[in-house]
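What follows is a set of notes on a single structure, which appears directly below.
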Amino acid sequence: MISLNGVGKTYGEGVAAVHALRDVDLEIPDGELTVILGPSGSGKTTLLNLVGAIDDLSSGSLRVGDVDLAALSADARVDYRRTQVGFVFQFFNLIPTLTAAENVELVAELTRGNGAQRARTALEQVGLAERLDHFPSQLSGGEQQRVAIARALAKEPPILLCDEPTGELDFETGRLILGLLRRLGRENGQTVLLVTHNAAIGEMADRVVRLRSGEIVEDRHIESPVDAETLTW
Amino acid sequence: MVKPLTRKLFRDIGRHRAQFIAVMVTVFLGVTIFAATYDSYQNLVASYETTFSEYHFANLTVAGGDIEAIAAAAAETPGVEAAHSRTIADVPLRADETKLLGRAVGLPVTGQPAVNQLKVLDGTYLDAARPGGVLVEEHMADHFGLVPGSTVEVLCGTDWRVLEIVGVVSSPEYIWPARSRQEILTTPDNFGVVFTGESLARELAGVESPNEVVLYYENGEPDEALSVELGVTARNLGATQVYTRDEQPSNAALSEDIKGFEEMALLFPVLFIVAAAMASYVMISRFVYAQRPHIGGMLANGFTRGQVLRHYLGYGWIPGLIGAVPGAVLGVFLAGVITRLYTGMLSVPVTLIEFHPTTLAAGVFIGVLATLLAALAPALVASRIRPAEAMRGETPAGRGRVSIAERLLPPLRRLPIRWRMAFRGIERNPRRTLYTMFGVVLSLVLVLVSWGMIDTVEHLLDLQFVQISQEDAVVYFAAPVGIEEVAALEAVPGVAAAEPALEAPVTVTAGDRTYDTVLVALEAGTEMHNFRSVDGSWIELPDEGLLLGKALGSELGIEAGDVVGVTVAPLGITVEGTVAGFVDEPLGTFAYTSRQYAAAQLGGSLRVTSALVRYSEGADAAVVRQAITELPDVAAFEDADALYDVMNRYMMLFYGFVGIMLVFGAAMAFALIFNAMTVNIAERSREVATLLAVGTKRSTVSRLITAENLIVAVAGIPFGLVAGYYLSAFFWGSFESDMFAFDLYVRPATFAFAGLAIVVVALISGWPGLRALRRLHIPTVVKERSS
């Protein structure tokens, strides 16, 4: 369970202060796919970053299971990121000098067991078993994003954080990626937080949280999520 | 009003000030060294030239033969402004109870001579009313504290005659107090010069007429053809020694020094300027890469490609100008200080410090041009960017591939991924990697050229004073003596052994080529001098034939087995000798032979002019010196350690110079590696942020980047050491002459220390970049479209 109580995040000080999040209360149960919607500057990415412990909250409390993120030391935050969350970024953020397999293995090595094997399994899960030794420059955008998803999955984290995962992809590839996230999340029992400004994507989620100017303006459960393949925008 | 584009330029410079400061400092150092050394060189040349023309320094000196006839013939030769005949007497002197080898130079008492005039520093010139008055050359005066009114003794026949000093002078002939071309290094305890009336000089020399003529050409201008013509005439009239101004011992030694300034004025600034240009190129390339969307926006909004080009050229020439202007000003100022220190230390009669606007302008021009050229390639790239593509923020994808190291050494593929990343990161931007390596090479060249000088000179001193010369002291007799006087030396307490030697000025002739040197005749099985052949092996002095300094091989075009003529100036006879071989000695180019061979060739029994002495173990050198100099036949005593000590004192200057160069070299390496590493980190900030976001520790990322930079630095070290060695050899080889043999020697430890220093500098210069890594805001960076 991810619990946010009165979470606030402010960048800068004085007149230059920007309130990215204001007094946000939210509870996300395990295994749920939640789409966080909102226009630019609404605070959705900030929310994701706080859950991923790559940014600090300014006020309130944020707990993931029994862990109070605000109370973690720097080393404990690194450990949390290693074991609890997997990131999928808009711009893939693959390392260009490593092959697809190596990009995944690099992250898998951080946790435990046979990194190479887990990397291979993760890439098979995303349908890239044939492209293991290709460098990012030799892959399409969709393939690169699938590598990024495999990288996030390889650690077998309970939480998957996806920031505009289709932002750089064409419509068809975008739907493919969303379907993949939906399927893998379900198969692995992972909690998926997916940030997007594309409202149509909300239809495939278990729940949609809409943000505006750092505040939650809508929080609704989707009774019958549609298949990603049927989405249109 | 400042244009927005100019404001952007200055703000960019302000934002990345550390990198720009690194470039500015490197330009500053390069231009400072250029202006300081080049202006010093110009000042020193001007000081010497003014001294030479003001004091009518001889263009040609002729000794031996019919001097009056030579002088008369010269005086009538067109182009000769003045011919002055005089007498030179090499006689023992005694000053402050110290016996030393002296030289008395005859002068007209009625006024300054027409050639080789003196600068009276204290007291007055010679006066006909004071026939016993002498002038003392200032090196000797300074050492013994002699002033007008003091006295100095000179050995006249068998009597010491007391002479009153009327003045202290400096002479263009003895700015560097060399006794001869073969004896460039002297100590004031062993050699001093006095100027006496001509009649007294003749009395001391035991001659009736002058034995030397000095010639001054019109306006003092060198004229090689005239020198050749006069030389032929002089030799036809029996001259035994003819040398030009360039060959004059003092001037020849000083010319080597001046040449050093000239070479330094080129080599060292080039290193710095190239380094600055490289640091600038790396930095500006990065700006262009990172600012592609801005450039696209500028072009889309109507800026011309020319405006974009000029804008990015500004990132080069502006820091270049900021570094070059103070560098040039400081360099020109320092040139004045260096010139004054130098001429003061050597007592050059005239110090000329001139303002050379051309040096100032050239310094600024070089600094600006280098950085402008560095900016040209990235600025051209910026101006040719396609706006639509650039504004999409898509930077050309970095091409990934397995590193060369992994392909050459497949086991490397089993390394953890993060270490494979380090290897591949090196090849990601091959041009930058090469530039960084080249920076390491430049730094090592600077270090090795400077440090190599210390090693070379220390090796040279060790070779000359420890491995070749085996005597503890040389004892000079007032007049040639027999072998029994040498035996008497062995009776002195503290003397373990003494060997006879004959030293005589000679002219070696082969065909139409001649070379003036000193013939040294030693015992065939001498234990006082070791002989090193040109291949570095040690050989014995042969019973038969001559062992010549290696420079004579090329000077005279001779080889072992050839027969050469040897004219012994004091005896006025010429004999033939067979070249037995050549020796490689760091100082001077002597002709060695065995006493037996010399006696056989010269005829009669060979006299002794000096003795080589070795002390008993534990003997007190000062006591031995005192006892020997009290012997009546002894004219002077030269302690081998004294010369060694003099050289070591000069080494202190080297240490200072090398220390400065090491600091500069470190600064240069720092600037280059710092810029390369900062760019490396900046370029990969998104990658680094991603690694951190997925749970990699900052310390791991730091180690990864440090390893990558260290690999590049370490890869550059072997190239730097090789390039540094060969460039040092080239640099120091240019000083090689018949007076000095500068064979480069670099200790293995120097290579190790230089390499280690680069590693340390690489580690230190990476530190600011790693600190920036700690400040990296992960959420911001992972969201950036392009890094």
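Treat the numbers as computed from the prediction; the structure is a model and nothing was measured. Letters A, B, ... mirror the listed sequences (proteins, then strands); counts begin at 1.
- A/Lys155 contributes no side-chain N or O that, together with a main-chain N or O of B/Gly695, makes up a donor-acceptor pair within less than 3.5 Å.
- A/Trp233 CH2: more than 12 foreign heavy atoms inside a 6.0 Å radius.
- The two residues B/Pro779 and A/Asn49 make their nearest non-hydrogen contact at CB-ND2, 3.1 Å.
- Ranked by heavy-atom pairs shorter than 4.5 Å toward chain B, the options A/Ile95, A/Val78, A/Asp133 are led by A/Ile95.
- Between atom CG of residue A/Leu98 and atom CZ of residue B/Arg424 there is a gap of 6.0 Å, rounded to the nearest 0.5 Å.
- The 12-atom threshold is not exceeded at CZ of A/Arg120, counting heavy atoms of other residues, nucleotides or ligands nearer than 6.0 Å.
- Residue B/Phe719 places its CZ atom among 12 or fewer non-hydrogen atoms of other residues, nucleotides or ligands, all under 6.0 Å distant.
- Scanning all heavy atoms of the two residues, the minimum distance from A/Arg81 to B/Ala693 falls at CD-O, 3.1 Å.
- For the pair B/Arg686/A/Phe91, a side-chain contact is recorded, criterion being any heavy-atom separation below 4.5 Å from C-beta on.
- Sparse packing is recorded around CZ of B/Arg17, with 12 or fewer heavy atoms of other residues, nucleotides or ligands lying under 6.0 Å away.
- Contact of A/Glu164 with chain B is made through the side chain alone, with heavy-atom distances under 4.5 Å.
- Across B/Thr690, B/Leu692, B/Val402, the residue that shares the most heavy-atom pairs under 4.5 angstrom with chain A is B/Thr690.
- Within 6.0 Å of CD on A/Glu130 lie no more than 12 heavy atoms contributed by other residues, nucleotides or ligands.
- No more than 12 heavy atoms of other residues, nucleotides or ligands shown are found within 6.0 angstrom of NZ on B/Lys697.
- Between the CZ atom of A/Phe87 and the CD1 atom of B/Ile778 there is a distance of 8.5 Å, given to the nearest 0.5 Å.
- Within a 6.0 Å radius of NE2 in B/His777, more than 12 heavy atoms belonging to other residues, nucleotides or ligands are found.
- Listed options A/Leu48, A/Asp55, A/Thr46 were ranked by heavy-atom pairs under 4.5 angstrom with chain B; first place goes to A/Asp55.
- Contact of the A/Leu106 side chain with the B/Leu691 side chain is registered, since non-hydrogen atoms from C-beta on lie closer than 4.5 Å.
- Using a 4.5 Å cut-off between heavy atoms, A/Arg77 does not touch chain B at all.
- Between chain B and the residues A/Thr45, A/Leu94, A/Val85, the most heavy-atom pairs under 4.5 angstrom are made by A/Thr45.
- More than 12 heavy atoms of other shown residues, nucleotides or ligands fall within 6.0 angstrom of atom CZ in B/Arg407.
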